[in-house]
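These notes are about the structure you will find just below.
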2 protein chains.
Amino acid sequence: MPGQHRWRKRFAGHVCRWTMPREAILKLLSQTTKHLSAKEIYSALLRSYPGIGLTTVYRTLDLLEKTGMIKKFNFRQGESRYEFASENKPHHHHLICTSCGKIIDYSDFADEELELVDKSAKHLAEKYKFLVQDHNIEFYGLCQQCQKD
Amino acid sequence: MPGQHRWRKRFAGHVCRWTMPREAILKLLSQTTKHLSAKEIYSALLRSYPGIGLTTVYRTLDLLEKTGMIKKFNFRQGESRYEFASENKPHHHHLICTSCGKIIDYSDFADEELELVDKSAKHLAEKYKFLVQDHNIEFYGLCQQCQKD
DNA sequence: CTGATAATGAAAATCATTTTCATTAAAAAT
DNA sequence: ATTTTTAATGAAAATGATTTTCATTATCAG
């Protein structure tokens, strides 16, 4: 696969130009399982792409989110965090440690969850005439390490 | 019930003084079903309590959250929103319109949800040694009005 | 290869929230 | 009831995340 332009076609209709920052940010996010913030992405890229601007990171993240190539999360307050959205990555949710901020992805009980979510969405659509497009489930608590402290 | 000091006892152990801003903010939140932001609370109180400071609103909201008297929510980005937490108010979740920001409380399927949540929490505790303390479920989409626009 | 203009980066602006600090006011002690 | 202690307040400044502005640069259509 021609790395340089692997995602290029997905940009059709959204923007015209395939640039270095866009390639770099998408590549970085596609290669990590972490939920990076804009500033973390900026710092990580400074090595391979000195001169990149934080502004561009924000703009690119917005763009990538609009195209559906990444997902944006706002856990409690603080910075937004971003994760690569791949078709072969299963739908999942997050387990967030309120002490250290550690985030664990989980997709257990996905079937049952999906069933309940579908049923709820259908019900809510009828009751409130609300068109459900997305949902979000999060668990908050303490990770193993933080339970000891 | 002596309105002025209705909630006073709940402050024992947390703070020493029961003040006008605390009474005013708690009263306002207890009387609305809306999910108000700090600034909205500040604006609403300016009428009945001119001179109140936005700083105090933030500090009081933090305090009330710590005592468990209110809950804080961060829907996607923007301001945090607060809601009065009453024992007789059922556990509920939110339906958020991504276009106009309208928020609908819902508690349908609470039993099934609770069952799934409990099961998940137990499972996650075992698998990741994670101590689940809280969870959050949200649906995003378009409200009836915004579907037309 | 070249021109049109989308994308960039630096700096300034914005927005929500927090901190600082001198003043005020609960409520404990007198 | 009055004084004293110190927690709580409000104004202003500081912070942190994100967005906007704008002159410059670089992509890519012709």
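Side chains are part of it too, since the values below use all heavy atoms of this structure and drop only hydrogens, waters and symmetry mates. The sequence lines fix the lettering, A, B, ..., with proteins before strands; numbering per chain opens at 1.
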To the nearest angstrom, how far is [X] atom [atom1] from [N] atom [atom2]?
X     : N      : atom1 : atom2 : result
A:K39 : D:dT15 : NZ    : P     : 13 Å
A:Y58 : C:dA10 : OH    : P     : 15 Å
B:N74 : C:dC15 : CG    : P     : 19 Å
A:I25 : C:dA7  : CD1   : C1'   : 12 Å
B:I52 : C:dA25 : CD1   : P     : 14 Å
A:E79 : D:dT18 : CD    : P     : 6 Å
B:W18 : C:dA25 : CH2   : P     : 18 Å
A:L54 : D:dA17 : CG    : P     : 10 Å

Per [X] side chain, nearest of listed nucleotides [options]:
X     : options               : answer
A:R59 : C:dT8, D:dA17, C:dC21 : C:dT8
A:T55 : D:dT19, C:dA7, D:dG10 : D:dT19
A:P21 : C:dA11, C:dT8, C:dT20 : C:dT8

Should the side chain of [X] and the base of [N] be counted as holding a donor-acceptor pair, with the cut-off at 3.5 Å?
X     : N      : answer
B:S80 : C:dA16 : no
B:R17 : D:dA8  : no
B:T19 : D:dA7  : no

If you measure from the Lys or Arg side-chain nitrogens to the Asp or Glu carboxylate oxygens, is any gap between [X] and [Y] under 4.0 Å?
X      : Y      : value
A:D134 : B:R76  : yes
A:E112 : B:K119 : yes
A:R81  : A:E79  : yes

Q. With distance as the sole test, does A:S37 use its side chain to make a donor-acceptor pair with the main-chain N or O of A:S80 at under 3.5 Å?
A. no
**Q.** Heavy-atom pair of closest approach, residues B:V57 and B:A38
**A.**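 For B:V57 and B:A38, the tightest heavy-atom pair comes out as CG1-O, 3.6 Å.
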Q: Considering just the side-chain nitrogens and oxygens of A:Y42, establish if one lies under 4.0 Å of OP1 or OP2 belonging to C:dA10.
A: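 Checking A:Y42 against C:dA10: no side-chain N or O falls below 4.0 Å of OP1 or OP2.
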